[in-house]
A.B. asks: 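Submitted below is the structure of interest, expressed as structure tokens.
We name chains A, B, ... by the order of the sequence lines, and we start the count at 1 in each one.
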Protein chains: 2
Amino acid sequence: MPVNKRAEPEAEKKAQLMAAARQLFVQDGYESTPMGRIAKAAGVTPNTIYWYFEDKDALLLAVLDELFQENMATFLTVARKPLAEQLLWLVQTLRGFSRLISTVHARVRESKPVDQWHSQFHSIVEQLFAMQLPQEMTQAAIAAEVRIAAFTVEGLVTHVLDDDAVRLTCQQLASRWARA
Amino acid sequence: MPVNKRAEPEAEKKAQLMAAARQLFVQDGYESTPMGRIAKAAGVTPNTIYWYFEDKDALLLAVLDELFQENMATFLTVARKPLAEQLLWLVQTLRGFSRLISTVHARVRESKPVDQWHSQFHSIVEQLFAMQLPQEMTQAAIAAEVRIAAFTVEGLVTHVLDDDAVRLTCQQLASRWARA
DNA sequence: GGTGATCTTGACTGGCATTTAAGAGGCGCG
DNA sequence: CGCGCCTCTTAAATGCCAGTCAAGATCACC
């Protein structure tokens, strides 16, 4: 039996709420945006959000998934460029969501779903990098280098740094693999 | 005019509150420990804490300062060992306070005092590392390497990893400077 | 033993996520 | 057509928490 033949299907309403949440999460940070503000931005009352999302955490995860999918698509554009450039692209892209990145790291401890999302995100991104490192390296060395790269990216994203510092750090990081 | 000739001088009471807060912050995390619980652990009412500390933030900073001083003293023990060992020591030490590290990074955005503390901490630690890198490197390269090291340490501290992974990553990181 | 500074407390405020239960509106079936 | 049911929305309430306020209690010194 088909349900939901309303003017505005569930998926659409959900997307609206996510758009409002996303904008505020990115701009003001997850912790600093009350559900009430998201609701107002979407033109509903706070409780309505709870009909579409289990809780604030679920809303966060939905936004994270959306952002991930969008940027994964964009990544294909730079996937064949040199590693240093990919690194720089990644950092600059993530910098646009630095508050969200901080939030994820903060919430990993208290929210199992966020923890899982975070683990999966790391797995995918690290896999993507690992496969581009020189074949001569041992598995252990590759794993270590990947961690160094991942953590450096995170640091560059979450700390206040000027663009030069970011660029130089990416270059320095990549220079390691060029001559190996 | 001498004040505070009470049985329990201000400094002592402050230390008690800090001890209670520290234990709970490290164990449960700053965000998950209400002032009330700290108060109960110290045998007072929540409001008493506010006589000794401006707010929860100030209490956090006091604990951070204490931790920093204590561990800075211990650092002198390993200061002359090879860089890779210093790195490993640092990571293992900080891992004991990983929740606090996450909290600092999360709060940097909303609390100027925490931001300042964090900046100063980075300055000192990075300075300590920079001076041990090979003299032949350019200033820019040193700065970049230091950032890579600092961010890698942070990543190793705040992410869930087994000891082997931590050790291998430190070695790999340090191997860069050995042959330079 | 009174006076003022130092400390402690209970009661309160305001913000927030989330729950509960009561509505409003459309859909299909008799 | 109308009646009940599922879908959606809401107002009102709950409970937790950081922080404020104003009234005590305790002490140090005169």
Side-chain angles (χ1 to χ4, degrees), chain A residues 1-18 20-22 24-25 27-63 99 103-104 106-107 109-114, chain B residues 1-18 20-21 24-25 27-63 99 103 106-107 109-114:
Chain A
M1 67 232 67
V3 289
N4 223 344
K5 295 213 194 298
R6 308 284 270 239
E8 226 173 278
E10 165 160 347
E12 198 170 322
K13 192 75 182 236
K14 230 168 156 167
Q16 279 178 252
L17 293 173
M18 282 166 63
R22 169 178 170 167
L24 290 166
F25 285 171
Q27 186 182 86
D28 303 338
Y30 174 85
E31 295 81 356
S32 313
T33 85
M35 293 295 264
R37 205 175 311 171
I38 299 169
K40 190 180 290 185
V44 296
T45 57
N47 297 3
T48 299
I49 301 178
Y50 285 91
W51 197 87
Y52 292 94
F53 297 94
E54 174 78 20
D55 53 17
K56 202 181 173 186
D57 231 48
L59 183 50
L60 172 64
L61 286 169
V63 169
R99 308 198 69 140
T103 292
V104 167
R107 294 190 62 67
R109 241 103 182 180
E110 11 185 354
S111 162
K112 171 108 57 187
V114 172
Chain B
M1 65 233 65
V3 288
N4 224 344
K5 295 214 196 296
R6 313 281 271 239
E8 225 175 277
E10 165 161 346
E12 199 170 321
K13 191 76 181 239
K14 234 170 152 165
Q16 278 178 253
L17 293 173
M18 282 166 63
L24 291 166
F25 286 170
Q27 185 182 87
D28 304 336
Y30 173 85
E31 295 81 356
S32 314
T33 84
M35 292 296 264
R37 206 174 311 170
I38 299 169
K40 190 180 290 186
V44 297
T45 57
N47 296 1
T48 300
I49 301 177
Y50 287 92
W51 198 87
Y52 292 94
F53 297 93
E54 174 78 19
D55 52 18
K56 204 181 173 186
D57 232 47
L59 183 51
L60 172 64
L61 286 169
V63 169
R99 307 196 71 137
T103 292
R107 295 190 61 66
R109 242 109 181 174
E110 12 184 354
S111 161
K112 171 106 61 184
V114 172

A.B. asks: Kindly point out which of dT10(D), dA17(C), dT7(D) is positioned nearest to the side chain of Pro34(A)?
C.D. replies: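 The answer is dA17(C), which lies nearest to the side chain.
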A.B. asks: Could you check which of dA18(D), dT18(C), dT8(C) has an atom nearest any side-chain atom of Lys56(B)?
C.D. replies: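 Of dA18(D), dT18(C), dT8(C), dA18(D) is nearest to the side chain of Lys56(B).
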A.B. asks: Provide, to the nearest angstrom, the distance between the CG atom belonging to Leu60(B) and the P atom belonging to dA18(D).
C.D. replies: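 Between P of dA18(D) and CG of Leu60(B): 13 Å.
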A.B. asks: Drop me the distance from Lys56(A)'s NZ to Ile49(A)'s CD1, to the nearest 0.5 angstrom.
C.D. replies: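 Taking NZ in Lys56(A) and CD1 in Ile49(A), the distance rounds to 9.5 Å.
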A.B. asks: Distance from Leu60(A) atom CG to Glu31(A) atom CD, nearest 0.5 Å?
C.D. replies: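 Output value for this atom pair is 8.5 Å.
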A.B. asks: If I take atom CD in residue Glu31(A) and atom C1' in nucleotide dG15(C), what distance separates them, rounded to the nearest angstrom?
C.D. replies: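 Glu31(A) atom CD is separated from dG15(C) atom C1' by 15 Å.
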A.B. asks: Got a minute to check which stems DNA chain C is part of, using Watson-Crick or G-U wobble pairs under 3.5 Å, three or more consecutive?
C.D. replies: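 The stems that DNA chain C takes part in, listed by first number, are C:1-30 with D:1-30.
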A.B. asks: Can you name the residues that form a side chain to side chain contact (heavy atoms under 4.5 Å, CB included) with Lys14(B), not counting sequence neighbours?
C.D. replies: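 Here the qualifying residues are Glu10(B), Tyr52(B), Phe53(B).
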A.B. asks: Rounded off to whole Å, could you give me the CH2-to-C1' distance for the Trp51(A) and dG23(C) pair?
C.D. replies: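 Taking CH2 of Trp51(A) and C1' of dG23(C), I get 16 Å after rounding.
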A.B. asks: Identify the pairs formed between an N or O of the protein and an N or O of nucleotides 19-21 of chain C at a distance under 3.5 Å, and give each distance.
C.D. replies:
| from | atom 1 | to | atom 2 | distance (Å) |
| --- | --- | --- | --- | --- |
| dT19(C) | O4 | Asn47(A) | OD1 | 3.2 |
| dT19(C) | O4 | Asn47(A) | ND2 | 3.4 |

A.B. asks: Using a heavy-atom cut-off of under 4.0 Å over every strand shown, decide if Thr33(A) touches base, sugar-phosphate, or nothing.
C.D. replies: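 Sugar-phosphate, no base atom in range.
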A.B. asks: Which listed nucleotide (dC7(C), dT9(C), dC8(D)) is nearest to the side chain of Thr45(B)?
C.D. replies: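 For Thr45(B), the side-chain atoms sit closest to dT9(C).
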A.B. asks: CG of Leu17(B) versus P of dC7(C): gap in Å, rounded?
C.D. replies: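 Value for this atom pair: 12 Å.
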A.B. asks: Check whether any side-chain heavy atom of Arg107(B) sits under 4.5 Å from a side-chain heavy atom of Asp57(B), and report yes or no.
C.D. replies: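 In short, these two side chains touch, coming nearer than 4.5 Å.
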A.B. asks: Rounded to the nearest 0.5 Å, what separates atom OG in Ser32(A) from atom CZ in Arg109(B)?
C.D. replies: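 CZ of Arg109(B) is found 10.5 Å from OG of Ser32(A).
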A.B. asks: Calculate the interatomic distance between Ile49(A) atom CD1 and dT9(D) atom C1'; express it in whole Å.
C.D. replies: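 From Ile49(A) CD1 to dT9(D) C1': 12 Å.
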A.B. asks: I'd like to know whether Gln16(A) forms a side-chain contact (heavy atoms from CB on, under 4.5 Å) with Val44(A), so could you lay out the CA-CA distance, the side-chain angles of the two residues, the decisive distance to 0.1 Å, and finally the verdict.
C.D. replies: CA-CA 11 Å; Gln16(A) 279 178 252; Val44(A) 296; over 6 Å; no
A.B. asks: Between atom CD1 in Ile38(A) and atom P in dT18(C), what is the gap in whole Å?
C.D. replies: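 Those two atoms, CD1 and P, are 10 Å apart.
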A.B. asks: Would you indicate, yes or no, if dT8(C) has its OP1 or OP2 atom less than 4.0 angstrom from a side-chain nitrogen or oxygen of Lys13(B)?
C.D. replies: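 Answer is yes, contact under 4.0 Å.
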A.B. asks: Taking all atoms of both residues into account, what is the closest heavy-atom pair of Ile38(A) and Phe25(A), and its distance?
C.D. replies: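 Minimum heavy-atom contact is CD1-CE2, 3.8 Å.
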A.B. asks: Whole-Å distance between dT26(D) P and Glu10(B) CD?
C.D. replies: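 The answer, rounded to whole Å, is 20 Å.
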A.B. asks: Please check the phosphate of dT10(D) (OP1 and OP2 only) for any side-chain N or O of Thr48(A) closer than 4.0 Å.
C.D. replies: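 Thr48(A) to dT10(D) OP1/OP2: side-chain N or O found under 4.0 Å.
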A.B. asks: Let me see the working for Val104(A) and Tyr30(A) under side-chain contact (heavy atoms from CB on, under 4.5 Å), right down to the final yes or no.
C.D. replies: CA-CA 9 Å; Val104(A) 167; Tyr30(A) 174 85; over 6 Å; no
A.B. asks: Within this structure, what is the CZ-CG distance for the pair Arg99(B) and Leu24(B), rounded to the nearest 0.5 Å?
C.D. replies: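 The CZ atom of Arg99(B) sits 11.5 Å away from the CG atom of Leu24(B).
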A.B. asks: Go through dC8(D), dT10(D), dT8(C) for me and flag the one nearest to the Tyr52(B) side chain.
C.D. replies: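 Of the options given, the side chain of Tyr52(B) lies nearest dT8(C).
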A.B. asks: Report the distance from atom CG of Asp57(B) to atom C1' of dC17(D), rounded to the nearest whole Å.
C.D. replies: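 Those two atoms, CG and C1', are 15 Å apart.
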